[in-house]
There are 2 protein chains.
Amino acid sequence: MLNKKVTSLEVAKLAGVSQSAVSRVFTPGASSSKKTNELVRKAALDLGYRPNILARSLITGKTKIIGLVVAYLDNYFYPEALELLSGALQKNGYHVLIFMATNTSGNIDNVVEEILDYQVDGIIAASVGMSTNLASRCSDVGVPVVLFNRTQDDKRLSAVTSDNELGGQKIAQFLCDNDHKRIGYIAGWEGASTQRDREKGFTDELKKNGQNIFAREVGNFNLDEARQAARKMFTANQIPDAVFVVNDHMAFAVMDVMRYELGLKIPEDVSVVGYDDVPIAKWLAYSLTTVRQRANRMVDETVSILIDSIENNSTKPRRIAIDGPLILRGSAKILDNYGV
Amino acid sequence: MLNKKVTSLEVAKLAGVSQSAVSRVFTPGASSSKKTNELVRKAALDLGYRPNILARSLITGKTKIIGLVVAYLDNYFYPEALELLSGALQKNGYHVLIFMATNTSGNIDNVVEEILDYQVDGIIAASVGMSTNLASRCSDVGVPVVLFNRTQDDKRLSAVTSDNELGGQKIAQFLCDNDHKRIGYIAGWEGASTQRDREKGFTDELKKNGQNIFAREVGNFNLDEARQAARKMFTANQIPDAVFVVNDHMAFAVMDVMRYELGLKIPEDVSVVGYDDVPIAKWLAYSLTTVRQRANRMVDETVSILIDSIENNSTKPRRIAIDGPLILRGSAKILDNYGV
DNA sequence: TATATTACTGAAATCGATTTCTAATAGTAG
DNA sequence: CTACTATTAGAAATCGATTTCAGTAATATA
């Protein structure tokens, strides 16, 4: 019933060569004669032999596994990113071992310890932070770490983000240019660099235009809290005429509350702008004006940093911020003479 | 700079015991004295030692890795399922190695070969099929396979789905009960069991109510094709007064076309029903009546089948279809006297 | 034809753990 | 105090590959 696993030794026996010879045939860059090659490949095919990656890893020290820590799969930017990441790594012969850093498991550090147990070649931390302690463990054992869609100060860590500060600026500029006078902001979790950078760019640029944030609430990257924030902001005495919600995912929730609970018209009563340009943003029900995070560019950079670190032992951490355009859709008012 | 990896031998040296002793301390179920235990744990902590899972796997034959093949992360049922799956497996000490079976890589079989190279303990195939050839390779090497949200005839494969046929019936019954007379259907990819089963239950139950499908188009689980299908169906001479779209994801696209391109009112002009109850279905912009796939139950079953197969060598494949309720929301008309 | 190079080969060491086997020690019963 | 059983310890085999090493065969050079 069980054929059990086929080992290189059995192939060697069938092919009438040494076990080393079999290994060499399957090791790129090793030398073997045409004849051995044929013999071995034929025997391997007959037996259905494929090299055991784990055994190989044990001696080469490379597993071709990348550990991916991810927290918010309900924000649809991440499934998209995950798909691209996994695809790109696959193309380079790597695979992704997933670790959920959900509320359930609490501490990220434990998760990363587990990752290291698997002798991964590298780690991608998507929208989660890392303790300094842990960062040093990774750098000690020579496992490169790339933060995806998050930065933090630790100099040992590479990071790839969109240019969040610039994105915030673009939004502020856009709203001011289109004559909005009471501009609100719904924030994400304050611990996240995305939140901080977007807000900084946003408020800085408002100031340059002689404005301040007119109302501010916190949604913590959580839909329920975002709805709560919207209710509060838009039942006040004087409501904003525009609101920037720190990401698309929360912006959708905010729009629903505004339209279906509070009877506000978008963009006639209030303009709404998000950030990410997830696929839903262009669905006609929302048609959300937003800054695009170029997931494919971000993924390309992440993968190339990682592979470069692994294969060329390049140890210098890099930080990359990718510019993304403001995508104009129906959720924000535009003056007739804007951009002409 | 690089502390390099710490091995059990170094710990043994520091603790003044044999390497076997170190191993025993970290092997659950092995015996060691309290004293050795303390010595070893202290030394391990000092050096930052953790056992190398790969080396362990080599000899135990268990990797604690589950291969997950997944195709459609843009259907938001899957990120949710992935999150639950990964979480549940993590709780049991397993981790998920992801393999994208996207259009890019074409053939699933290659992907599964790659999975097997990693000596995974089990495989979850989410909404993808497997060739018989491959199924036998898996059963040969004793790797259990569970199909998630898909069935196929091969008897060696376990499968967990929602009760798609029953779900289809419920929808038909509901639409008939609420006085719809021209009921349309927008289908998914014909190769998928979910598509076939849902349609079968649906049409069977329509027949019992003396009706047939009034109009039928194919959307192939693809948003653009779904939109195309909607345009065709709802610009015909006589349009349906209700439509069942094979999954939520496509239903949203269909609703957008109906409302924003064709000016139809939902549910006044047409009732719309979906299937899955993804999180977006309850967003007020869609408020979609749909059959719930109980992702958590499906995941629990999947994980328990898998772990049972792995740890108890239970080899009998199982098929599970989980009943899910019809969730009534605003996208479908309901008669005043319905359900009273 | 003799010699220097190169291309391959198989035996054996290695990676880092678990596990079997044998021996020693501790604990218990009579 | 002896005999017997449980615990525990270390040495060595093992998992399935890669890689070093040393030697042989094939080819190139003089």
Side-chain angles (χ1 to χ4, degrees), chain A residues 2-41 43-44 47-65 114 116-121 141-142, chain B residues 2-41 43-44 47-65 93 116-121 141-142:
Chain A
L2 288 194
N3 282 5
K4 294 304 296 167
K5 325 249 171 172
V6 183
T7 72
S8 58
L9 198 66
E10 305 172 43
V11 177
K13 233 172 263 171
L14 179 61
V17 297
S18 75
Q19 184 261 345
S20 333
V22 176
S23 171
R24 274 190 276 259
V25 169
F26 286 96
T27 305
S31 85
S32 65
S33 70
K34 205 180 291 178
K35 206 181 74 188
T36 337
N37 210 294
E38 275 169 21
L39 282 172
V40 169
R41 287 202 183 278
L47 297 175
Y49 168 80
R50 309 195 98 218
N52 180 330
I53 294 202
L54 267 44
R56 169 183 293 167
S57 302
L58 191 55
I59 195 152
T60 59
K62 298 273 165 241
T63 53
K64 295 282 178 178
I65 297 179
E114 282 183 54
L116 291 176
D117 291 348
Y118 279 96
Q119 316 296 119
V120 296
D121 290 345
V141 294
Chain B
L2 289 193
N3 282 4
K4 293 307 294 168
K5 325 248 173 177
V6 184
T7 73
S8 58
L9 198 66
E10 305 172 42
V11 177
K13 232 171 265 171
L14 180 61
V17 299
S18 76
Q19 183 260 346
S20 331
V22 176
S23 171
R24 274 190 277 260
V25 169
F26 286 96
T27 306
S31 84
S32 65
S33 70
K34 206 179 292 178
K35 207 181 75 187
T36 345
N37 209 295
E38 275 170 21
L39 282 173
V40 168
R41 288 204 183 276
L47 297 175
Y49 168 79
R50 309 195 98 218
N52 180 331
I53 294 202
L54 267 45
R56 170 183 294 166
S57 302
L58 191 54
I59 195 151
T60 61
K62 298 276 166 237
T63 51
K64 297 283 180 174
I65 298 179
L116 290 175
D117 290 349
Y118 279 96
Q119 316 297 118
V120 296
D121 290 344
V141 294

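In this text the structure is predicted, and so the values were computed from the model without any measurement. Numbers restart at 1 for each chain; the letters A, B, ... are given by sequence-line order, proteins then strands.
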Between [atom2] of [N] and [atom1] of [X], the distance in whole Å:
X	N	atom1	atom2	value
B:L58	D:dC15	CG	P	9 Å
B:I59	C:dC15	CD1	P	16 Å
A:L54	D:dC15	CG	P	16 Å
A:R56	C:dT14	CZ	C1'	16 Å
A:I53	D:dT18	CD1	P	10 Å
A:E10	D:dC15	CD	C1'	13 Å
B:Q119	D:dA17	CD	C1'	10 Å
A:R24	D:dC21	CZ	P	14 Å

Could you check which of [options] has an atom nearest any side-chain atom of [X]?
X	options	result
A:T27	C:dA17, C:dT9, D:dT19	D:dT19
A:T7	C:dC8, D:dT8, D:dA17	D:dA17
B:S18	C:dA11, C:dG16, D:dA11	D:dA11

Could a donor-acceptor pair under 3.5 angstrom be found where the side chain of A:S20 meets the base of C:dA11?
->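 Such a pair is found, so the answer is yes.
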Side-chain donor/acceptor contact of B:Q19 with base of C:dA17 under 3.5 Å | yes
Do the numbers put A:R41 on top of the ring of A:F26, so that NZ or CZ is under 6.0 Å from the six-membered ring centre and no more than 45° off the axis?
->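 Geometry flag: set, cation within 6.0 Å and 45°.
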A:S33 side chain near C:dT9 phosphate (N/O to OP1/OP2, under 4.0 Å) | yes
Between B:D121 and B:K64, is there a donor-acceptor pair closer than 3.5 Å when you use the side chain of the first and the backbone of the second?
-> yes
